[in-house]
Amino acid sequence: MVVNIQQAVSQKTAGFLTDEKIVIETLNLFFYYSSDSPALKDVNIIIPQKKVTAFIGPSGCGKSTLLRCFNRMNDLIPGTYHEGKVLIEGEDINKTGIRLERLRNKVGMVFQKSNPFPMSIWENVAFGPKVNGITDNTDLDEMVKSALIQADLWREVKERLDQSALDLSGGQQQRLCIARALANKPHIILMDEPASALDPISTGKIEETIDELKNQYTIVIVTHNMQQAARVSDYTAFMMTGEIIEFNDTRTLFTNPDKKLTEEYITGRFG
Amino acid sequence: MSQASGNISYFRQKGDPYVLMTSLALLLTLGMVVLMFGIILFQGLGFFWPRDLQEITLKQGEIYLGEIWEEETVHFKNSQGRLISESEIQIKKGNRDLSGRDFIWFKKQDISDQKSPPLATAFERMEYGNFYGYITGLNLGDKFIEDSAGNLFQQSSKALEKAMANREKREDLENQLNQLLAPLAGLQREISLLEIDHSIEPEAQAKKIDQLRMELQNLERKIEPDYQKYSGLLQKVADENEQLFLLVQTAEGAEVHLPLEKVVRLYQPNRMNIFQKTGFYAGKLWEFIAADPRESNTEGGVFPAIFGTVMMVLLMSIAVVPVGVLAALYLNEYAHQGTIIRLIRLSVNNLAGVPSIVFGIFGLGFFIYIMGSSIDQLFFSNKLPEPTFGTGGILWASLTLALLTLPVVVVATEEGILAVPRANKEGALALGATRWQMIRKIVLPNAMPGILTGLILAISRGAGEVAPLMITGVVKLAPSLPIDASFPFLHLDRKFMHLGFHIYDVGFQSPNVEAAKPMVYTTALLLILIVIFLNLLAIYMRNRLRKKYKTAVF
Ligand SMILES: Nc1ncnc2c1ncn2[C@@H]1O[C@H](COP(=O)(O)OP(=O)(O)O)[C@@H](O)[C@H]1O
Ligand SMILES: [Mg+2]
């Protein structure tokens, strides 16, 4: 289900999104790690379908926090709570009765530091489908293969699917993590600085992969690297101290920002 | 001076003395361990080596034949105040049934003559310890051979083999007879129970008793031929063995009648060469490991104790690992980390400091008196008032030890769980795994080395524990093993023997402590070896797992 675009446009941002379908929407979202001060302050954002949306902003401004609100990973940290709403495909993901496993199956995540499990490559990619109830081995083989192809890793590992994933290089490990998320056939993929620990060549490969994926998936990527945001994303949100300062299509945001803060940030005057 | 003290303080500041102290402390610890293990090794391994037999004549005219066990020098001041040193020696002269004591001390200076006669023979017996003397005659049933020159050793050894074969035959026959008679005893028991049962009507009671009596008679008639056959055979074997005996002359010159059936082993150590001695040693060692104990545990083997120890440790592991792991998982993965959990964790850790006898008493009270009695009421009421599970047994002892070692397993498992990278756990959850799936597939395999460390510590602790076992099921001599061929094969209610308790019992409770001393060392050595073996097994498993689940490195 996709939210009526008029409804979204009536919110504060995003006149530029009129032609897009919306998959994620937050309404007056506040998030607290502890009660003293919110890590997210009144965030209202809409994320368009099958596009790449980037979050940029200085370190500690709440990019990861916002991202982790979309698959409720923040729930794992004891003592946190939120106010406001997060709608994914029109559904309030915090209402009672939501099954977390279903949500996370639909909203995949790639972490900043690649985290392959200490198992074989095959086992890593098949992990998601397996925990979600698929047991047939030929089905699993098929899913593993197609996920690895999409993550552009198949060529490199097809001969050694049964070898430990820990023997892969850093960049390969990260692409394995992308493949692992893809194997679940998610609608949305959240990426939290997926290339920040990688060398330029591996980073380039990841960016290529993202480019290929965006026709099929909604991708939300956090990055502190503005060139990267400019290269891979269609839309960019600039955040500071827990707030969305400016959200626009990437081109406009980088060439002709509305707000002074944005301009200062992208021209490197602070950050 | 100031220069020197400056040097010293500089020296101290650098920390060199402390480095020295750490190494000294390590040296001390290592030294103590090596010393203890060395003593146990030396004493324990030397026990089975055949010692030469010495015939010693004292100036007072007494003659002893036996093994020299110890030499000691005592120092004292005489009446003029001069320091005098005297050597004393201890010999094991055996023949307890004749003179009452196995061991004797005397002064070295009193010895007028000492030799090691080649024909001196040592006899290990079923009862009364060793016998030492010279074979002068051998009765083989159909003939009696006499030879005071002492050439009867070969023939006697052969006759001993026959006597031993007969003894086995006899034990077999006795077993068969017992099995034959067992149903009779059961029926008789039923009748006597009925006779005192006042809850049914007298008429019905009488009728039932008559009926049972009939059954009993029928059964008696049925087994009569078999009974006759077996007891006939038994009588024959017994008669045959009665005719197999030796005449043995002691060093003092007394002639003794020695039935071969009562002899376990006879040997002439003074005539043995090194290979024969080695063979003898191996035989004794094998007997020690594989045979049942004799002579209130001071002789023979410790097989039942080995069996009991290993089985108890295994049962304990089976009980403690799942419980400990689940508890640790709850503490770390499910529970809300707050004051209560901290308190619980503290209590669990402190459980490790509770004296083990307290666990024993708890085991007695809870497992035996409460759980055991309830089980008896529910499932074994036909055997009451004789308890089945309502008394000490290997199950209750194992569970008590499981409780005792639980903290160790919990703490080690918690450490293992904490070592699992958070990124992996989050990764699994982010893929839509439930908490339990995440625990099963990520946490448990990665925490396995920690769990096995816990198991290793638990085994080391559990295998050496004695105090709690003494009140929950260990006995000096168990009539049968906890596993045997009779249904249901695994008898968890049975009492069992244990090497640790064996050490205590033989060393401090035996009537003949002197003779038992080597047995204590040997048993201690064996217990240490078993603990080491079990540990190595667990360590091997852990290393294999470590290789499999080595954590991610860039
Ligand atoms: N687990 C946590 N517990 C408490 N505070 C946190 C936690 N994670 C992040 N924060 C705080 O929330 C704010 C936003 O963090 P984060 O979303 O990680 O920033 P970013 O990803 O933009 O660098 C920071 O001030 C950070 O200190
Ligand atoms: Mg971040």
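Note that the structure is a prediction, hence the values are computed from the model and not measured. A, B, ... follow the sequence lines: proteins, then strands. Residue 1 opens every chain.
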Checklist entry - Is the backbone of B/A423 close enough, under 3.5 Å, to the side chain of A/N115 for a donor and an acceptor to pair up by distance? => result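 Yes; judged by distance alone, with no hydrogens or angles, the pair exists.
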### Query
For B/L431, does its backbone N or O pair with a side-chain atom of A/N184 as donor and acceptor, under 3.5 Å?
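Judged by distance alone, yes, a pair lies under 3.5 Å.
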Quick check: closest heavy atoms across A/R180 and B/G427, and the distance to 0.1 Å?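 In terms of heavy atoms, the two residues are closest at NH2-CA, 4.4 Å.
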Search all heavy atoms of B/E426 against all heavy atoms of A/R68 and return the closest pair with its distance.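 Taking every non-hydrogen atom into account, OE2-NH2, 3.1 Å.
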### Task
With sequence neighbours left out, write down each residue that passes side chain to side chain contact (heavy atoms under 4.5 Å, CB included) with B/P468, or none if nothing qualifies.
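Expected list: B/S356, B/T400, B/L401, B/E465.
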Q | Non-neighbouring partners of B/A412 that pass side chain to side chain contact (heavy atoms under 4.5 Å, CB included), sequence neighbours left out | A |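 Listed in chain order: nothing, the list is empty.
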Residues 120-139 of chain A: residues contacting chain B (heavy atom under 4.5 Å, by number) |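 Residues of residues 120-139 of chain A touching chain B at under 4.5 Å: A/F127, A/G128, A/K130, A/V131, A/N132.
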Open item on the list: Are there residues of residues 92-102 of chain A whose heavy atoms fall under 4.5 Å of chain B's heavy atoms? If so, which?
Closed with: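 Hits under 4.5 Å: A/E101.
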What part of A/V107 lies closer than 4.5 angstrom to a heavy atom of chain B: side chain, backbone, both or neither?
->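 Just the backbone, heavy atoms under 4.5 Å.
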What do you reckon, is [atom1] of [X] surrounded by more than 12 foreign heavy atoms closer than 6.0 Å?
| X | atom1 | result |
| --- | --- | --- |
| B/L378 | CG | yes |
| B/Y540 | OH | no |
| B/L26 | CG | yes |
| B/Q337 | CD | yes |
| A/K145 | NZ | no |

Can you confirm whether A/P118 sits close enough to B/N424 that some side-chain heavy atom of one is under 4.5 Å from a side-chain heavy atom of the other?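 A side-chain contact under 4.5 Å exists here.
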*Evaluate the side-chain contact (heavy atoms from CB on, under 4.5 Å) criterion for residues B/L429 and A/R72: first the C-alpha distance (whole Å), next the side-chain angles of each, then the deciding distance (0.1 Å), finally the verdict.*
CA-CA 10 Å; B/L429 292 175; A/R72 289 182 57 183; over 6 Å; no
